[in-house]
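Data first, discussion second: the structure below is written as C-alpha cells.
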Amino acid sequence: PLKYDCASMKGRLAGVGGNPGNLVFMDALKQQVLYNDEIDLTFNQFDLLKDSSVVMPSSNFIRHVKNDDFFTKYSNFIDQIDGNVTLAGLGAQSSAVFNTPWKLVKLALNKDQIRFLKKISEKSVTIGVRGPFTAECLELLGIRNYRIIGCPSLFKYLDGVYPDVKKPS
C-alpha cells in the first residue's frame, strides 16, 4: 500500500514532511527543470536509464538526526546513478546546541550524513545551497563545489506573474 496519497493536499503535505514550503520549492524546481520522470524514494520504486542525471530538491539535509536511515537510503540511491546529481536548495539546520557551522559539522553530523554529502559532491558539478551558513558547513567537510542560490522557491514565478487568489480556500 502507498504510504502517502499524493492526489490529495493532505497526502502531498505528508510526503514532504508536513512542510508546505517544501511543496512550493519542489513545484518551482519542476517548472524550471526539464525532466523525464519524478522519483519518490519513499516507495523504493524507480527505474533509472543508463547515464541518468538527477536533480534533487533538498532542504535541511545538514542537521542533527537520531536516525540515519534517510541518508543511507539516499546514498544507496546515489550509487545507482551514472550521470550527474544536483542538489538544489541544500540547507543546514542550526539549533540552540549546534548553532555554528563548526558545531553542526564536527559534533552533530554522523558518518552516513558525511558520506552522503561527499558522495553528492563527487557526482555534482555544483551543489546549490541556501546561504553562507550552509556553504561554511560544506567548506568544513572539504566540499567546495557549491554555489549559494537561496531557496528554490525564489524561482517559482520568474516571469513575475503571480496567481490571483480571489478567495481563501
Side-chain angles (χ1 to χ4, degrees), residues 3-4 6 12-33 35 38-44 46 52-81 83-158:
K3 191 172 183 180
Y4 305 114
C6 293
R12 289 196 307 269
L13 274 173
V16 294
N19 183 341
N22 290 345
L23 286 176
V24 175
F25 85 73
M26 289 176 65
D27 191 51
L29 280 175
K30 288 179 189 179
Q31 290 178 3
Q32 302 303 316
V33 176
Y35 63 96
E38 190 172 345
I39 298 169
D40 186 346
L41 293 183
T42 306
F43 308 117
N44 292 318
F46 50 84
S52 292
S53 292
V54 175
V55 175
M56 293 175 62
S58 54
S59 54
N60 58 346
F61 285 7
I62 301 175
R63 68 183 190 274
H64 177 254
V65 296
K66 294 179 182 166
N67 181 343
D68 57 6
D69 289 345
F70 174 89
F71 295 101
T72 302
K73 180 187 288 190
Y74 273 80
S75 288
N76 292 339
F77 171 70
I78 297 303
D79 286 338
Q80 298 176 50
I81 300 169
N84 288 332
V85 176
T86 300
L87 284 186
L90 177 65
Q93 185 69 52
S94 67
S95 67
V97 175
F98 306 113
N99 57 2
T100 68
W102 189 90
K103 287 179 183 178
L104 188 56
V105 168
K106 301 298 183 182
L107 304 177
L109 296 186
N110 64 46
K111 63 179 175 40
D112 289 320
Q113 288 172 286
I114 293 169
R115 187 179 73 137
F116 167 76
L117 292 165
K118 290 191 176 204
K119 192 175 289 199
I120 288 291
S121 175
E122 291 168 8
K123 294 225 176 205
S124 297
V125 173
T126 303
I127 299 170
V129 303
R130 290 178 182 242
F133 188 96
T134 305
E136 190 174 336
C137 289
L138 292 180
E139 288 278 345
L140 289 166
L141 290 168
I143 297 172
R144 292 176 177 73
N145 59 328
Y146 62 83
R147 180 175 295 174
I148 296 173
I149 64 166
C151 178
S153 63
L154 294 170
F155 306 108
K156 176 76 174 139
Y157 298 107
L158 287 177

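Side chains are part of it too, since the values below use all heavy atoms of this structure and drop only hydrogens, waters and symmetry mates. Quantities reported herein were computed from a predicted structural model and do not represent experimental measurements.
- Contact check for V85 versus K119: no side-chain heavy atoms found under the 4.5 Å cut-off.
- Heavy atoms only, all atoms of each residue included: E139 and R144 are closest at OE1-NE, 3.3 Å.
- In this structure, R130 and I148 have side chains that are not in contact, with every pair of non-hydrogen atoms separated by 4.5 Å or more.
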Check against side chain to side chain contact (heavy atoms under 4.5 Å, CB included), N84 and K123: CA-CA 5 Å; N84 288 332; K123 294 225 176 205; 5.8 Å; no
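- Of all heavy-atom pairs between L109 and L117, the closest is CD1-CD1, 4.3 Å.
- The distance from atom OG of S75 to atom NZ of K118, rounded to the nearest 0.5 Å, is 13.0 Å.
- When side chains are defined from C-beta on, L138 counts as touching L90, because their heavy atoms get closer than 4.5 Å.
- Here the closest non-hydrogen pair linking C137 and L104 is SG-CD2, 4.0 Å.
- The side-chain heavy atoms of I127 and T86, taken from C-beta on, include no pair separated by under 4.5 Å.
- Under the side-chain hydrogen bond (donor to acceptor under 3.5 Å, both in side chains) criterion, the residue pairs touching residues 89-105 are N60-Q93, N99-K103, with sequence neighbours excluded.
- Between I120 and M56 there is a side-chain heavy-atom pair separated by less than 4.5 Å.
- In this structure, the ring pair (Phe, Tyr, Trp, His ring centres under 6.0 Å) partners of F98, at least two apart in sequence or on a different chain, are H64.
- Partners of F71 by ring pair (Phe, Tyr, Trp, His ring centres under 6.0 Å), not counting sequence neighbours, listed by chain and number: F116.
- Separation of atoms CZ (F61) and CZ (F70) is listed at 3.5 Å; rounding is to 0.5 Å.
- Here the closest non-hydrogen pair linking E136 and P101 is CD-CG, 3.7 Å.
- Expressed to the nearest 0.5 Å, how far CG of N110 lies from CZ of R115 amounts to 10.0 Å.
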Yes or no on side chain to side chain donor-acceptor pair (under 3.5 Å) for N145 and T126, after CA distance, side-chain angles and deciding distance? CA-CA 5 Å; N145 59 328; T126 303; over 6 Å; no
